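Quick notes on the structure that follows.
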Amino acid sequence: MSSPVPSASIPADAAAVTALNAEERTRILAKAALFSPPSAVTADGRRDIVGLSREELTEILVEIGEKPFRTKQLWHWIYHQGVTDFSLMSSIAKPLQQKLAEKFIIARPEPTTVQTSQDETRKFLFRFRDGQEAETVYIPDRREDRGAVCISSQVGCTLSCTFCHTGTQKLVRNLGAAEIVGQFMAARDSYGEWPSPKGDTPRLLSTIVLMGMGEPLYNYENIAKAMRIIMDGEGIGLSRRRITLSTSGVVPLMDRCGDELGINLAVSLHAVRNDLRDEIVPLNRKYPIEEVLAACRRYPAASNARRITFEYIMLRGVNDSEADARELVRLISDIPAKVNLIPFNPWPGSDYRPSTREQQNRFAQIVMDAGFASPIRTPRGRDILAACGQLKTASERARNTPSA
């Protein structure tokens, strides 16, 4: 019989994980700085004040001789009313309106292309101040007047997941907090949803999913700042329960996200064996399945009321067998979880094929019989390349398309 494990070894192991994660977080954030967004100052010297924290906004107002209480006024007009013109801020005297307009702007990303699918999914191609672009998608609910805004966190992506069209576009840079918040605000502009709905008033743009272009945890600082602005109750006021961050498994920052933001977590799992996940989700070589699932078990916001979502793209003959389904059930058996099964959305140049409907149903039934919700996602926006895994900016496609 083996000797019992000393109880002291358990906290020591936990301390080692904490130390390793802290070291990795430092490395990741240092690398993120290499892909920083451009300056928030325009060519004429004015400062974009979207994306500033309350503290930062107060600081720059004090610098121009204004009292700190002006922060609350501006916050209300920018994030609750959705105003982009200082002259429309009726609670602010005209001389101050003019002073603010001379020094600051309230910017939005420019929607260069807006496409609406036959199923009413709407895709925006937004251009930012430096000419870079990213895509945002609004997916309306089929039954109620609400829907999800799928927001990008980076221009391009660094993960190179083999089934994902976005992953074929190299990472250009991170998006700033203003550009992240701005995507949601510009989508609201498109649907006229200002001022921000309060209390029980239904919201058309009711949830945010950080599942657009890029890996959000590789741009954590800007994501966190943007989400704090969006969750602020005196502005946009979206509950943390209405925000989901989707990650391929950047373990050290999964912990930080849970501790600091407490938003919902979705994990792009897509395989139940490390050898296969190494191939289709290359990040697995750094953070294998066991480490990702351990981070899910630690995630403080996870509960039966707020389950972690495991995303699983169904690739015919690759990861869709009944044995795969049973192994998935075993892996997540002790995690408050649900599984989103995603039919593969073909894109030009991909060698994968979607699983048959029959195989999807068999897979889903095994997961459901084990007690996990396992909906098969209905593809949305396929006709405008807005479905899961299809996002890739039009300008990037154009550059890579041979001329006739």
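None of these values were measured; they are calculated from a predicted model.
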Locate the shortest heavy-atom distance separating T116 from R122; write the atom from each residue and the value. OG1-NE, 3.1 Å

Please examine the side chains of T136 and K123, heavy atoms only from C-beta on, and report whether any two atoms are closer than 4.5 Å. no

R203 with D145: basic N within carboxylate O range, under 4.0 Å: no

Which pair of heavy atoms, one from L205 and one from F184, lies closest together, and at what distance? O-CZ, 3.8 Å

Check M227 against I180 and note the closest heavy-atom contact, atom names and distance. CE-CG2, 4.0 Å

Quick one, N222 and L175 - any side-chain contact, counting heavy atoms below 4.5 Å? no

Validation row: I335, F310 side chains within 4.5 angstrom (heavy atoms): yes

Less than 4.0 Å between a side-chain N and a carboxylate O, is that true for E59 and R54? no

Looking at G317, is its backbone amide N or carbonyl O close enough to the side chain of D320 to form a donor-acceptor pair, meaning the two atoms are under 3.5 Å apart? yes

Can you list the steps and then say if M231 with I263 is a side-chain contact (heavy atoms from CB on, under 4.5 Å)? CA-CA 10 Å; M231 292 188 290; I263 57 181; 4.1 Å; yes

Is it true that E221 and R256 make a salt bridge, defined as a side-chain N closer than 4.0 Å to a carboxylate O? yes

Close side-chain approach of T247 and E215, heavy atoms under 4.5 Å: yes

Please tell me if the side chains of K198 and H80 come closer than 4.5 Å, counting only heavy atoms from C-beta onward. yes

Looking at E102 and K99, is any side-chain nitrogen of the basic one under 4.0 Å from a carboxylate oxygen of the acidic one? no

Taking all non-hydrogen atoms of both residues into account, name the closest pair between S268 and E311 and its distance. OG-OE1, 2.8 Å

Steps toward side-chain contact (heavy atoms from CB on, under 4.5 Å) verdict (T244, L265): CA-CA 6 Å; T244 299; L265 182 69; over 6 Å; no

Minimum heavy-atom separation for K338 and R307, please, with both atom names. N-CB, 4.1 Å

Side-chain H-bond candidate by donor/acceptor type, Q81 with H76, under 3.5 Å: yes

Between S152 and M213 (side chain of the first, backbone of the second, donor and acceptor by atom type, cut-off under 3.5 Å), is there such a pair? yes

Closest heavy-atom pair, T121 versus P140, reported as atoms and distance to 0.1 Å, is CA-CD, 3.8 Å

Could you tell me if the side chain of V292 sits less than 4.5 Å from the side chain of V267, heavy atoms only? yes

Mind checking whether L96 and R70 have side chains closer than 4.5 Å, heavy atoms only? yes

Between H270 and Y312, what is the ring plane arrangement, given parallel below 30°, perpendicular above 60°, and tilted in between? tilted

Does G235 offer a backbone N or O that forms a donor-acceptor pair with the side chain of S196 under 3.5 Å? yes

Using a strict 4.0 Å threshold on nitrogen-to-oxygen distance, state whether E260 and R228 make a salt bridge. yes

Please state whether the rings of F104 and F86 are parallel, tilted or perpendicular, taking 30° and 60° as the class boundaries. tilted

Ring centroids only, cut at 6.0 angstrom: are Y138 and Y191 within range, meaning strictly under it? yes

The side chain to side chain contact (heavy atoms under 4.5 Å, CB included) partner of D275 among R273, E279, R277 is R273

Note: R362-E322 ion pair, threshold 4.0 Å (strictly below): yes

State whether E179 and R173 are salt-bridged, where the test is any N-O pair (Lys NZ or Arg NE/NH1/NH2 against Asp/Glu carboxylate O) under 4.0 Å. yes

Between D278 and R285, is the closest basic N to carboxylate O distance under 4.0 Å? no

Are side-chain heavy atoms of V149 and T207 found at a separation under 4.5 Å? no

Short side-chain to backbone donor-acceptor contact, Q97 and I92, under 3.5 Å: yes

